[in-house]
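Both counts, for ligands and for their atoms, begin at 1 and track the order of listing. Computed from a prediction, not measured in an experiment: that's the story for all the values here. Atoms considered below: every heavy atom in the structure, side chains included; atoms not considered: hydrogens, waters and symmetry mates.
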Amino acid sequence: MSRKTLTQYLVEQQRNNNAIEAEVRLLVEVVSRACKAISHAVSKGALGGVLGSLESENVQGEVQKKLDVMSNEILLEANEWGGHLAGMASEEMETIHHIPNRYPKGEYLLLFDPLDGSSNIDVNVSIGTIFSVLKAPADISGREVTEKDFLQPGSRQVVAGYAVYGPQTMLVLTIGNGVMGFTLDRELGSWVLTHENMRVPEDTKEFSINMSNMRHWAPPMRQYIEDCLAGTTGPLEKDYNMRWIASMVADVHRIMTRGGIFMYPWDARDPKKPGKLRLMYEANPMSFIIEQAGGMATDSVNRIMDIQPTELHQRVGVVLGSKNEVARVKDYCAGSK
Ligand code: AHG
Ligand code: MN
Ligand code: MN
Ligand code: MN
């Protein structure tokens, strides 16, 4: 079996297809190396003293786990010095991270959820890292980057990816040219292309939602789930299965592998937060990946990647996955069903 590595794939994309610039290639290499380091820390568990929580809360109002903070630091350190970034933003930091003056600055912006699925760390269930790359505005050279520079719709993403730390560690990546899945070869320390051109099946009978929030959802969302639960004798005439891992990375990875629909919809708990998930480092990168694999990603009605962000830590309702099922939910929520 010929083994193509991530490096080879990226060099080919740069050389043959002109699909990425050298600077972006380096950026992806650096992020993927950081994910290797995070994977290593995760796999040590109690032996490495990485489990448990800290005293601190992040800007999202969540108690930080040790691994949330460690992963954030690994990503910052790895990406600061390479010269390809103008700045970074993360779920775990209140505001943007400037590149220290001792290093050269580049044209790209990196956004990340350093450790996704924090509630699963201590119970040894799959977790991950999600990242998104944007190009800084053209006038960036010679001035400091600002939060406003990051507020670009997801359709402007240059790269998006996630690493999933599960039974295998995988990196799933799009540079806007389909979606490729790489598995970490732990002996060699390299990412090997194992899942070429990943595609999300258009139809599904499997949904993914935290059912405990049902009483807070909008009526059309409740109706859709009730119709799913009604089975073959209900209006959807299908027997649905349900999965909820509570790590978005792991739930999305399942959908990338065998289809499905993932929902963390708008709910009425907090009027200031239209949903739980964060637009810039969860919803946008996952939407880019899902769309590149032939799926669909909406906030229940509108395309996520068309949303013009107004805040770095903005939240959004998320309905993504198999195209025909996401379109069905859109019909319910747009009032046409
Ligand atoms: P994070 O660990 O980065 O804060 O994200 C957690 C998110 C997401 O991964 C998952 O889909 C969702 O929160 C789970 O939420 P519930 O615990 O409400 O089910
Ligand atoms: Mn969190
Ligand atoms: Mn997350
Ligand atoms: Mn997180």
Indicate yes or no: does [X] engage [Y] in a salt bridge with an N to O separation below 4.0 Å.
| X | Y | answer |
| --- | --- | --- |
| Lys135 | Asp149 | no |
| Glu291 | Arg303 | yes |
| Arg328 | Asp331 | no |
| Glu62 | Arg278 | yes |
| Asp185 | Arg3 | yes |

Open item on the list: Filter on ring-ring contact (aromatic ring centres under 6.0 Å, His included), then keep only pairs touching residues 301-324, sequence neighbours left out; what's left?
Closed with: Tyr281-His313
TODO: Report yes if the side chains of Val69 and Gln64 come closer than 4.5 Å at any heavy-atom pair, otherwise no.
DONE: yes
TODO: Considering non-hydrogen atoms only, spot the tightest contact between Glu325 and Tyr224 and give its length.
DONE: OE2-OH, 2.6 Å
- [ ] Spell out the protein N/O/S atoms under 2.8 Å from the Mn ion (ligand 3) as residue plus atom name.
- [x] Asp113 OD2, Asp116 OD1, Glu282 OE2
Task: For Phe207, all residues meeting ring pair (Phe, Tyr, Trp, His ring centres under 6.0 Å), sequence neighbours excluded - done: none
Task: Residues lining ligand 1 [heavy-atom distance under 4.0 Å, listed by chain and residue number] - done: Glu62, Glu91, Asp113, Leu115, Asp116, Gly117, Ser118, Asn210, Trp244, Ala246, Ser247, Met248, Phe262, Tyr264, Lys276, Leu277, Arg278, Glu282
